[in-house]
Amino acid sequence: METPNQTDAAAVADVTQELSAYLTRNLGQELGPDEDYFALGLVNSLFAMELVNFVEQRYGIEVGVDDLDLDHFRTLGRLRDFVLAKTANRGAAA
Amino acid sequence: MSDTALAGVADLTDLGARFADSVREDAADWDARGELPADVRLAAARAGLLGADLPVRHGGLGATPAQLGEACARIGGVCSALRGLVTVQSMVAAALLRWGTAEQRERWLPALARGELLAAFAATETEAGSDLAAVTTTVEEQGDTYTVTGEKRWITFGEVADVFLVLGSAGGRPAAVLVEADRPGVLREPVRGQLGMRAAQLAHVRFDGVRVPRENAVAPPGFGLSHVVATALDHGRFTVAWGCVGMAEACLDAAAEHAARRAQGGVVLAEHQLVRSLLGRAAVDSRAARELCLRAARLREAGDPDAIAETVAAKYAAARAATAVAGSAVQILGAAGCAPDSPVGRCYRDAKVMEIIEGSAQVSELHIADHLLRAHGHRPGGRRPEREEGRR
């Protein structure tokens with residue numbers, strides 16, 4: 001039987017894998033968790049919006065105007081943390 | 001145009017068609033006069049067209065993307081300027097719905113949906129299109145206010161708008177603020193006689209140190225603001241694309257009817273193979289544009305991230321189709337298509353504008369190619385993918 005920590009770790013791994021696959025597919029390369037794809041010039045304004053729409057649709061979260069901080073979106077690691085925090089909040093609010 | 005014809009339109013699929021039919025005979029006159037009468041703008045609002053896809057709780061009709069698109073098609077087939085009114089109003093509303101604060105949504109959206117306020121999207125400058133980095137209009141923070149200084153060009157319905165969503169630069173970071181037209185320092189210069197959309201009451205608008213309260217800022221400057229602009233432009237592309245579908249379909253109908261009835265030298269035009277060739281191509285262009293727009297509508301309704309790229313493609317294709325089909329229609333109608341009040345002649349002029357606004361055809365091609373190439377492992381900047389480098 002899985003412990004809560006094991007479940008959390010599995011969720012983190014799943015989200016990381018999905019986000020990594022999405023970014024790789026759309027940015028044409030694999031990126032490390034701390035590589036800033038905005039600073040690398042890989043992202044245009046259309047993809048920035050697609051990225052927001054992707055996490056909303058895939059994880060059933062709502063990205064509001066207060067969430068529109070580049071720091072939430074600039075790396076795989078930060079994006080993963082943002083998604084996990086939003087999904088945790090959603091769960092707490094339910 | 002009777003009130004009873006417009007009141008209480010409940011069937012959203014019929015929304016645009018009924019309104020378009022009610023103004024069909026007036027569009028040429030509006031084009032010649034260079035204005036969309038105030039009572040028509042109000043009637044469009046009362047019919048629900050200006051807030052069609054806004055949620056009911058914000059005063060809209062809650063139309064789906066496909067329903068909004070169909071309404072834009074039917075209106076676009078009659079009057080591009082009127083469709084332009086729906087576009088600019090819904091661009092600003094979409095940006096506020098998606099990225100405005102709860103207070104902003106409550107304050108602005110019902111008034112926009114009811115047509116009590118007309119909105120305009122003030123992005124273009126002499127040396128800047130929708131490229132945020134090139135905008136020179138400044139938005140300076142001073143205590144609890146922002147001061148807006150700059151000049152915007154070619155603003156659709158800028159002559160009569162009650163509020164502008166103005167794009168500017170706040171200390172080097174992109175910013176957007178809502179500026180009411182009656183604030184001191186807002187100066188408008190109407191534009192007349194442009195190639196197309198002549199009734200869309202374009203204006204060059206100067207903001208001469210206009211002060212607005214802090215709560216008029218939409219989204220935080222920087223990253224957030226780029227989403228406000230992208231949302232507005234994405235929505236604008238979608239409604240323009242459907243307007244183009246309507247233009248293409250209207251021109252196709254006019255051309256086919258003319259070809260089937262008009263005889264020259266005892267031979268009906270439709271008997272000429274070269275006329276049939278034009279009609280065949282126009283029919284396919286028109287249908288292809290509609291299918292791409294329907295695809296974009298389905299993806300938008302599903303919240304699919306690809307909806308943005310597919311909307312770019314749909315707008316690009318639909319604008320090209322409208323231009324091509326309108327050109328063929330003018331060709332087939334001949335002198336009748338060149339008459340001052342010719343609907344297809346007006347469509348021909350309007351369609352060219354569609355290849356320029358909300359992202360030119362060339363900028364659209366770049367976006368479409370970029371999306372394609374990324375999916376095939378292309379790295380922006382021209383470096384080879386790692387697997388290719390490894391083979392050397």
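This structure is a prediction, so every number in the text was calculated from the model and none was measured. In what follows, every chain begins at residue 1, and chains take the letters A, B, ... in the order their sequences are listed.
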* **Salt bridge flag under 4.0 Å for residues A:E18 and A:R58** => yes
* Structure fact -> From the list B:L373, B:T231, B:V228, B:T101, the residue making the most non-hydrogen contacts under 4.5 Å with chain A is B:T231
* To do: Sort A:V52 into side chain, backbone, both or neither according to what part of it lies under 4.5 angstrom from a heavy atom of chain B.
  => side chain
* **Region of A:E62 in contact with chain B, defined by heavy-atom distances below 4.5 Å** => neither
* Asked: Just wondering, more than 12 heavy atoms not from A:Q17 lying within 6.0 Å of its CD?
  -> no
* Within 45° of the ring axis of B:F238 and under 6.0 Å from its six-membered ring centre, is that where the NZ or CZ of B:R300 lies? -> yes
* To do: Could you tell me which portion of A:F73 (side chain, backbone, both or neither) has an atom closer than 4.5 angstrom to a non-hydrogen atom of chain B?
  => side chain
* Asked: Measuring heavy-atom distances to chain B, does A:Y37 have an atom under 4.5 Å in its side chain, in its backbone, in both, or in neither?
  -> neither
* Do other residues, nucleotides or ligands put more than 12 heavy atoms under 6.0 Å from B:E215 CD? -> yes
* Structure fact -> Note: vs chain B, highest number of non-hydrogen pairs under 4.5 angstrom among A:E56, A:R25, A:M49 is A:M49
* **CA sep, side-chain torsions, deciding dist, call: B:T137, B:E125, side-chain hydrogen bond (donor to acceptor under 3.5 Å, both in side chains)** => CA-CA 8 Å; B:T137 293; B:E125 299 182 358; 2.7 Å; yes
* **B:V312, part contacting chain A, at a heavy-atom distance under 4.5 Å** => side chain
* Asked: So which part of B:D304 gets closer than 4.5 Å to some heavy atom of chain A, the side chain, the backbone, both or neither?
  -> both
* Looking at B:R173 and B:E141, does any basic side-chain N land under 4.0 Å from a carboxylate oxygen? -> no
* Measure A:D67 against the heavy atoms of chain B and call it side chain, backbone, both or neither at under 4.5 Å. => neither
* To do: May I ask you to test the B:Y316-B:R320 pair for a side-chain heavy-atom distance under 4.5 Å?
  => yes
* To do: Heavy-atom distances under 4.5 Å only: say whether B:A307 touches chain A with side chain, backbone, both or neither.
  => neither
